[in-house]
Amino acid sequence: QVQLVESGGGLVQAGGSLRLSCAASGGTFSRYAMGWFRQAPGKEREFVSAISRSGSTTTYADSVKGRFTISRDNNKSTVYLQMNSLKPEDTAVYYCAARFFPGLHTVPSDFSSWGQGTQVTVSS
């Protein structure tokens, strides 16, 4: 199982930007499809974005499409989430997740490895 550690969260004003990173260890990173999810207080964990093993294919939740960009560097075993034009409703704990199979996946139960999460707070 790959181990995942997120970083880059913080407090930002509405309209600002943050870049989240998720560093993987303990596995062959390029064999894992990756995803980002988020969970706000009192809400279910929801899909944000996913990227294929090669990085050639991505998908986004409608709520973040056009504002967030997922990418990965297989040489650095890291996946990123660039978040622009942040809104207060983006406030949540953000998690990265890994799945040892090809393709894009958007359901939390499809992922076998999870990071501990990083808090993103967007003030109005």
Side-chain angles (χ1 to χ4, degrees):
Q1 290 268 18
V2 66
Q3 289 81 50
L4 304 173
V5 178
E6 301 97 335
S7 61
L11 173 64
V12 64
Q13 289 188 331
S17 298
L18 283 174
R19 187 195 196 201
L20 305 183
S21 299
C22 173
S25 62
T28 304
F29 183 67
S30 60
R31 294 185 179 180
Y32 290 84
M34 301 297 296
W36 284 98
F37 293 79
R38 66 187 182 186
Q39 189 166 18
K43 294 188 177 181
E44 297 283 321
R45 188 168 298 190
E46 66 172 358
F47 169 74
V48 174
S49 182
I51 189 167
S52 62
R53 295 189 298 184
S54 68
S56 61
T57 309
T58 60
T59 189
Y60 299 90
D62 287 343
S63 59
V64 306
K65 201 171 293 182
R67 301 188 297 121
F68 290 11
T69 303
I70 190 171
S71 62
R72 66 189 294 162
D73 185 337
N74 285 346
N75 291 325
K76 295 183 178 180
S77 298
T78 302
V79 62
Y80 305 96
L81 187 68
Q82 177 66 45
M83 306 186 295
N84 299 329
S85 302
L86 282 161
K87 304 175 181 179
E89 51 264 43
D90 294 319
T91 295
V93 177
Y94 283 70
Y95 299 89
C96 70
R99 173 179 167 88
F100 188 71
F101 289 103
L104 294 175
H105 301 273
T106 63
V107 178
S109 59
D110 285 345
F111 291 82
S112 56
S113 297
W114 291 83
Q116 83 289 348
T118 185
Q119 176 71 47
V120 171
T121 304
V122 184
S123 63
S124 57

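In this chain, residues are counted from 1 in sequence order.
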- Message: Can you tell me which residue among T91, V93, L81, L20 is in a side-chain contact (heavy atoms from CB on, under 4.5 Å) with V120?
- Response: L20
- Could you tell me whether the side chain of C22 reaches within less than 4.5 Å of the side chain of Y80, counting heavy atoms only? no
- Task: Would you tell me whether S17 and N84 have side-chain atoms, one donor and one acceptor, within less than 3.5 Å of each other?
- Result: yes
- Message: Checking the side chain of T121 only, and the main-chain atoms of L11 only, is there a donor and an acceptor separated by less than 3.5 Å?
- Response: no
- Query: Taking C-beta and beyond as the side chain, do R19 and M83 meet within less than 4.5 Å on heavy atoms?
  - Reply: no
- Would F68 end up clustered with V12 when hydrophobic side chains under 4.5 Å apart are linked, directly or stepwise? yes
- Task: Keeping the roles fixed (side chain from N74, backbone from S77), state whether a donor-acceptor pair exists under 3.5 Å.
- Result: no
- Task: Check L86 against L18 and note the closest heavy-atom contact, atom names and distance.
- Result: CD1-N, 3.8 Å
- Message: Quick check for you: to the nearest 0.5 Å, what is the distance between Q82 atom CD and S49 atom OG?
- Response: 12.0 Å
- Nearest atoms (heavy-atom pairs only) where S113 meets Q1: OG-OE1, 2.6 Å
- May I ask you to check whether S56 and S54 show a side-chain donor-acceptor distance below 3.5 Å? yes
- Compare all side-chain heavy atoms of S30 with those of R53 and state whether any distance is below 4.5 angstrom. no
- Message: I'd like to know if the side chain of S123 pairs up with that of Q13 as donor and acceptor (distance under 3.5 Å, no hydrogens or angles considered).
- Response: no
- Query: Judged by atom type as modelled, is there a donor-acceptor pair below 3.5 Å linking the side chain of E6 to the main-chain atoms of Q116?
  - Reply: yes
- Query: Any donor and acceptor pair, going by atom type alone, linking the side chain of R72 with main-chain N or O of S52 inside 3.5 Å?
  - Reply: yes
- Side chains of D110 and F101: closer than 4.5 Å at any heavy-atom pair? no
- Any donor-acceptor N/O pair, R67 side chain to S63 backbone, under 3.5 Å: yes
- Point-to-point distance, once rounded to the nearest 0.5 Å, from CE of M34 to OG of S71: 11.5 Å
- Query: Where do T59 and F47 come nearest, in terms of heavy atoms and distance?
  - Reply: CG2-CZ, 3.6 Å
- Item | Geometric cation-pi criterion, R45 with Y95: 6.0 Å, 45° | yes
- V122 and W36: same hydrophobic cluster, using ILVMFWY side-chain contacts below 4.5 Å? yes
- Message: Does this structure show an ion pair linking K65 with D62, if we count only N-O contacts that are shorter than 4.0 Å?
- Response: yes
- Please work out which of the three classes, parallel, tilted or perpendicular, describes the rings of F37 and F111, given edges at 30° and 60°. perpendicular
- From R38 CZ over to E89 CD, what is the distance, rounded to the nearest 0.5 angstrom? 8.0 Å
- Message: If you compare all heavy atoms of V2 against all heavy atoms of S25, which two are closest, and at what distance to 0.1 Å?
- Response: CG2-O, 3.2 Å
- Message: Between Y60 (side chain only) and I70 (backbone N and O only), is there a donor and an acceptor less than 3.5 Å apart?
- Response: yes
- Smallest separation among heavy atoms of A14 and P88, with atom names: CB-CD, 4.1 Å
- Query: Should the pair R99 and Y32 be classed as cation-pi, given the thresholds of under 6.0 Å to the six-membered ring centre and 45° from the axis?
  - Reply: no
